[in-house]
Structure formats: C-alpha cells, structure tokens
Number of protein chains: 2
Amino acid sequence: MTEKDKQTEDKIFDAATEVFIEKGMDGARMQDIADRAGMNKSLLHYYYRSKDRLFNAVFEMIAMKMLKKFAPVFDANVLFEDKIRFFFREHISFLQKNPRLPAFLLNEINRNPSRIKQFMANIDIESFWMILFTQHKEELKKYHITRENIPQVMTILVAITVFPFAARGLLKEILAKQNLKFDDFLEDRKTFAADFVISALQNMHLSTAEDESKTKNHDEKKRT
Amino acid sequence: MTEKDKQTEDKIFDAATEVFIEKGMDGARMQDIADRAGMNKSLLHYYYRSKDRLFNAVFEMIAMKMLKKFAPVFDANVLFEDKIRFFFREHISFLQKNPRLPAFLLNEINRNPSRIKQFMANIDIESFWMILFTQHKEELKKYHITRENIPQVMTILVAITVFPFAARGLLKEILAKQNLKFDDFLEDRKTFAADFVISALQNMHLSTAEDESKTKNHDEKKRT
DNA sequence: AAATAGTTTAACCAGGCGGTCAAAATTACA
DNA sequence: TGTAATTTTGACCGCCTGGTTAAACTATTT
C-alpha cells in the first residue's frame with residue numbers, strides 16, 4: 001500500500017509546511033498540523049517520529065526551493081546586465097507566489113544558527129564566486145567592481161528582492177498610506193530595481209574614486 | 001521604595017529584552033527571564049502581570065529605538081545625497097551595536113501582524129513622504145524619480161542596510177568562505193552603499209527612458 | 001478464509017508552561 | 001519601636017505539549 005502511504009505522508013508534509021511557515025517551529029503545534037491534515041496526531045509520529053524531524057524535512061525542502069532559483073546565475077554566454085534583469089524579474093515573480101518563504105527561512109536560521117549548515121550543504125559558495133568572477137571578468141572591470149566588492153553587490157541584489165517580502169506586512173501598510181498596492185509595487189520593482197542597479201554599476205566609476213583612503217571624507221563636491 | 005522598585009523592574013525589563021530577542025515571543029520562557037534577572041518568577045507577574053504585557057513593553061521600546069534613527073531624514077537644508085551618506089553611515093553603525101533588532105522586529109511582526117499598528121502608531125507616514133518630496137523636489141526631478149518611485153528608492157535604502165543583519169548568520173558564513181569578515185564587510189558597506197545608490201540616482205535617466213508605457217512591455221506573456 | 005503485516009485510532013502519560021496565592025521578608029511610616 | 005504597607009518567595013494549580021502504546025481497523029498474502 002505504498003500508494004496510500006505516500007498520500008497520507010504527503011498530506012502530513014503539506015499541512016506541516018503550512019503550519020510551520022505560519023507559526024514557526026516554536027509556535028507550531030502537532031495537533032494543529034494533524035487537524036489541518038485531517039487525521040490523528042499519532043500518524044505524524046508514525047511517519048516522522050518527532051516534531052524536530054518533521055520540521056527538518058520541511059525546512060530542507062523550502063531551503064532547496066529557494067536555492068534552486070539562483071541556478072541561472074551560472075548560465076554561460078549571458079551578459080551580466082541581462083542576468084540582473086532576469087534575476088529581478090524571475091526572483092520577484094517567484095516570491096510573489098511564495099511570499100512567506102524569506103521570513104520563514106531568515107527567522108528559523110536566526111533562531112537556530114546551526115541550521116545554516118543544513119542550508120549551505122547543498123551549495124558550493126566558492127565556485128559560485130569563482131564562476132561569477134571569471135564569467136564576467138571584463139564587465140566587472142568595466143564597472144570598477146573589485147573582487148572584494150562582489151559580495152557587496154550580490155548582497156544588494158538579494159536585499160532588494162528579499163527585503164520587501166521579509167517586511168511584507170509593514171510595507172503593505174506603509175504603501176497603503178500612499179494609496180499604493182503591494183502587488184503593483186512589486187510589479188514595478190521588477191524593472192525599476194534592474195534599471196537602478198545597472199545604472200549604479202555603469203556609472204560608479206564617475207561618481208567615486210574607490211580608494212579606501214577616501215572613506216571618511218565628508219565634504220563632497222557638486223556633481224557635474 | 002521607588003528606588004528599589006525601578007531597580008528590579010528594570011532588571012526584569014533588561015532580562016526580558018535579552019531573552020525575547022534571543023528566543024522570540026514563542027520561544028521565550030518566563031522562568032528563563034526570571035533566572036537571568038536573578039529573582040523569583042512571580043516578580044515578573046507582580047510587575048508586568050503577564051508574558052504578553054511584558055513582551056509588549058519590550059517590543060514597544062525596541063520599535064521606538066529603531067524608528068528614532070530615521071528622524072534625521074527630516075532635517076532641512078541638507079542635500080539629498082548627504083542625507084544618503086549620513087543614513088548609511090549612521091544606520092549601519094547603529095545596527096552594528098544592535099545587530100539582532102531587525103530580525104526580532106521582522107519576525108514578531110510577521111508572526112503577529114496586528115503589532116504593525118503598535119509599530120506605526122508613533123510615526124506619521126503621510127507627512128514623512130510629504131516632507132521628503134517637498135524638501136527634495138528639485139533633486140528628485142533631476143534624478144527623474146517620480147512621486148510613485150520614492151517608495152521604491154526608500155525600500156532599496158532600508159533593504160541595503162537592514163538585510164545583511166536580518167540574514168546575519170548566513171552572510172557571515174558566506175563571507176567566511178571568501179576569507180572576508182562580517183565586520184569589515186559592514187565597514188565597507190557604509191561608503192560603498194552610499195556611492196552605489198548615489199551613482200544609480202545620478203544616472204538613471206541615462207540608462208532608461210522611464211515611461212510607464214515601457215514598464216510592462218518586456219516580450220513576456222501578459223500577466224494576470 | 002485465516003493468518004499476517006501494515007495503518008489508524010483513542011486514551012493516556014510525564015513534563016513544562018503561564019499564572020496564582022498565601023505566607024515570609026523587607027521597608028515605610030507613626 | 002511597633003505596625004501597616006509593600007516586595008519577594010516557594011509551593012502549587014490547571015492546562016497544554018510532544019510523545020507513547022495497545023488495541024482496532026484495513027489490506028495483503030497464503
């Protein structure tokens with residue numbers, strides 16, 4: 001009866017995913033998950049042994065789901081600027097369909113940092129930086145982006161897409177006061193963010209002399 | 001003995017702040033707070049009645065602490081670009097001293113969205129937009145930033161500063177693989193982020209023709 | 001059809017939780 | 001100093017939690 005097996009096991013998994021995302025590991029209740037799956041609480045333990053193991057299964061699946069979306073960064077023969085446009089368009093679209101994933105992951109990682117290993121076990125960061133740097137060596141040089149600055153830029157990219165979802169409730173409310181809708185905001189953001197970042201990259205060498213020596217200089221001159 | 005009163009009440013509050021930031025509302029235990037304050041658990045109820053009220057006091061204080069940092073945005077007679085530099089420098093410095101505040105606030109708001117009111121009760125968003133727009137009308141026009149795009153830009157600013165702290169554990173690990181230290185990353189970010197954003201603003205009109213008509217014209221299929 | 005193996009259930013723990021309370025200790029006041 | 005008021009304590013309570021178990025139920029095999 002493997003058929004029925006998978007059926008109930010999946011029902012548990014799906015219900016657990018819902019509840020864990022909604023309430024978090026600490027706030028979630030096994031009884032709540034059982035109710036939502038429409039079955040007896042003991043079945044959760046029959047298939048997953050403990051709350052911890054059930055949560056880990058859910059966490060692993062969500063982490064993978066999130067990480068998979070970064071794969072296109074490795075595509076060869078694509079201009080850096082096109083990757084940026086593609087990233088913002090696709091990643092924001094993905095998060096529109098899964099708006100609670102960022103907050104879930106960030107919170108659970110902060111709550112239990114040992115899960116970072118679980119999250120990073122499936123990615124090879126070193127080769128990520130390598131591929132990115134070698135694939136776009138010329139373009140990055142043109143932008144005056146040094147090797148040490150790549151993380152700064154990448155963090156800006158991720159921050160711009162992820163943060164609005166992590167602060168979703170707050171941002172919704174703030175936008176509403178200006179008669180703006182969150183969904184319209186996101187739709188605009190797909191292109192605005194790309195234009196913004198590309199504009200910054202193309203022109204950073206004009207507005208700054210990126211020497212460390214300049215760091216604390218307050219008086220700047222008027223622009224051209 | 002109002003002196004001793006304040007003393008123990010503050011000890012409770014401080015211990016509660018620690019524990020709530022560390023474990024969150026759901027994960028925090030009254031006994032844990034009492035232990036950390038070095039007193040009997042009943043005293044927490046004597047001074048704060050319930051876990052809920054104690055948490056609310058802590059949440060309110062942290063929300064205010066965070067919001068106060070946005071006040072300089074209202075300063076008159078300061079160039080927009082200088083405000084941006086000031087913002088990144090001061091806000092990142094503030095968060096370096098309070099690195100867990102963003103994750104705490106974001107999580108608790110997501111977990112219980114009704115707290116948004118509590119968070120926003122102390123700020124007047126409408127006049128925030130108004131002041132910002134009128135104070136920097138000329139500069140924003142020069143940047144080709146329309147009224148509707150201001151939230152996009154502001155969200156980018158906040159995202160760039162806050163996200164690294166919300167994803168602190170993860171980012172630390174990622175940077176370590178490139179032999180970079182989180183603190184150095186933040187130090188660099190104070191100036192890099194400012195240069196990046198200002199560069200973007202100064203040159204967006206060059207790289208884009210920001211007509212609304214263009215916004216949705218990418219050769220993709222019609223959206224919903 | 002009977003025995004076997006796998007699935008689902010209800011009843012039931014032990015421990016931990018937020019919260020209460022009466023008594024003890026301390027302080028304030030006359 | 002004596003007494004009233006306040007602060008602090010430990011013992012306690014009812015409830016909820018994750019988890020267990022034996023029995024009931026269902027499907028599979030012979």
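Since this is a predicted model, take the numbers as computed values, not measurements. Every chain is numbered from 1 and lettered A, B, ... according to where its sequence line falls, protein lines coming before strand lines.
Note: CD (Gln7(B)) to C1' (dT8(D)) measures 14 Å, nearest angstrom. Across the protein-nucleic acid pair, Lys11(A) atom NZ and dT7(C) atom C1' stand 13 Å apart, rounded to whole Å. One interatomic measurement links the two molecules: CG of Asp26(B) to C1' of dG18(D), which rounds to 16 Å at whole-angstrom precision. In this structure, CZ of Arg53(A) is placed 15 Å from C1' of dG18(D), rounded to the nearest angstrom. Following rounding to the nearest Å, Met39(A) (CE) and dG6(C) (C1') show an atom-to-atom distance of 15 Å. Leu44(B) places its CG atom 12 Å from the C1' atom of dT8(D), with the value rounded to the nearest Å. Whole-Å rounding puts the Asp32(A) CG to dC16(D) P distance at 14 Å. The distance between atom CD of Glu9(B) and atom P of dT8(D), rounded to the nearest whole Å, is 11 Å.
With sequence neighbours excluded, the residues forming a side chain to side chain contact (heavy atoms under 4.5 Å, CB included) with Ser42(A) are Asn40(A), listed by chain and number. Under the side chain to side chain contact (heavy atoms under 4.5 Å, CB included) criterion, Gln96(B) pairs with Ile92(B), Ser93(B), Phe165(B), Asp183(B), Leu186(B), Glu187(B), Lys190(B), sequence neighbours left out. In this view, Asp184(B) and Lys181(B) satisfy the side chain to side chain contact (heavy atoms under 4.5 Å, CB included) rule, not counting sequence neighbours. In this view, His136(A) and Phe80(A) satisfy the ring pair (Phe, Tyr, Trp, His ring centres under 6.0 Å) rule, not counting sequence neighbours.
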Just distance, no hydrogens or angles: give the donor-acceptor pairs under 3.5 Å from side chains in residues 103-112 of chain B, sequence neighbours left out.
| from | atom 1 | to | atom 2 | distance (Å) |
| --- | --- | --- | --- | --- |
| Asn107(B) | OD1 | Asn107(A) | ND2 | 3.1 |
| Asn107(B) | OD1 | Arg111(B) | NH2 | 3.1 |
| Asn107(B) | ND2 | Asn107(A) | OD1 | 3.1 |
| Glu108(B) | OE2 | Met25(B) | N | 2.9 |
| Asn110(B) | ND2 | Ala166(A) | O | 2.9 |
| Asn110(B) | ND2 | Leu106(B) | O | 3.0 |
| Arg111(B) | NH1 | Ile21(A) | O | 3.4 |
| Arg111(B) | NH1 | Glu22(A) | O | 2.9 |
| Asn112(B) | OD1 | Ser114(B) | N | 3.4 |
| Asn112(B) | OD1 | Ser114(B) | OG | 2.7 |

Pairs of donor and acceptor atoms involving the side chains of residues 53-60 of chain A, under 3.5 Å and at least two apart or interchain, shall be tabulated with distances.
| from | atom 1 | to | atom 2 | distance (Å) |
| --- | --- | --- | --- | --- |
| Asn56(A) | OD1 | Arg115(A) | NH1 | 3.2 |
| Glu60(A) | OE1 | Gln118(A) | NE2 | 3.1 |

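Contact annotation: Tyr46(B) side-chain N/O to dT9(D) OP1/OP2 distance is not under 4.0 Å.
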Reading nucleotides 18-24 of chain C from the 5' end, what letters show protein touch, with B for base, S for backbone sugar-phosphate only, - for no heavy atom under 4.0 Å? BBBB---
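Figure legend: Arg189(A) and Phe88(A) shown without cation-pi pairing, the cationic atom not lying both under 6.0 angstrom from the six-membered ring centre and within 45 degrees of its axis.
Between Lys23(B) and Asp32(B), at least one side-chain nitrogen of the basic residue sits less than 4.0 Å from a carboxylate oxygen of the acidic one, meeting the salt-bridge criterion.
Within the structure, side chain to side chain donor-acceptor pair (under 3.5 Å) pairs that include any residue of residues 12-21 of chain B comprise Glu18(B)-Arg36(B) (at least two apart or interchain).
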Nucleotide N/O of nucleotides 22-25 of chain D paired with protein N/O under 3.5 Å:
none

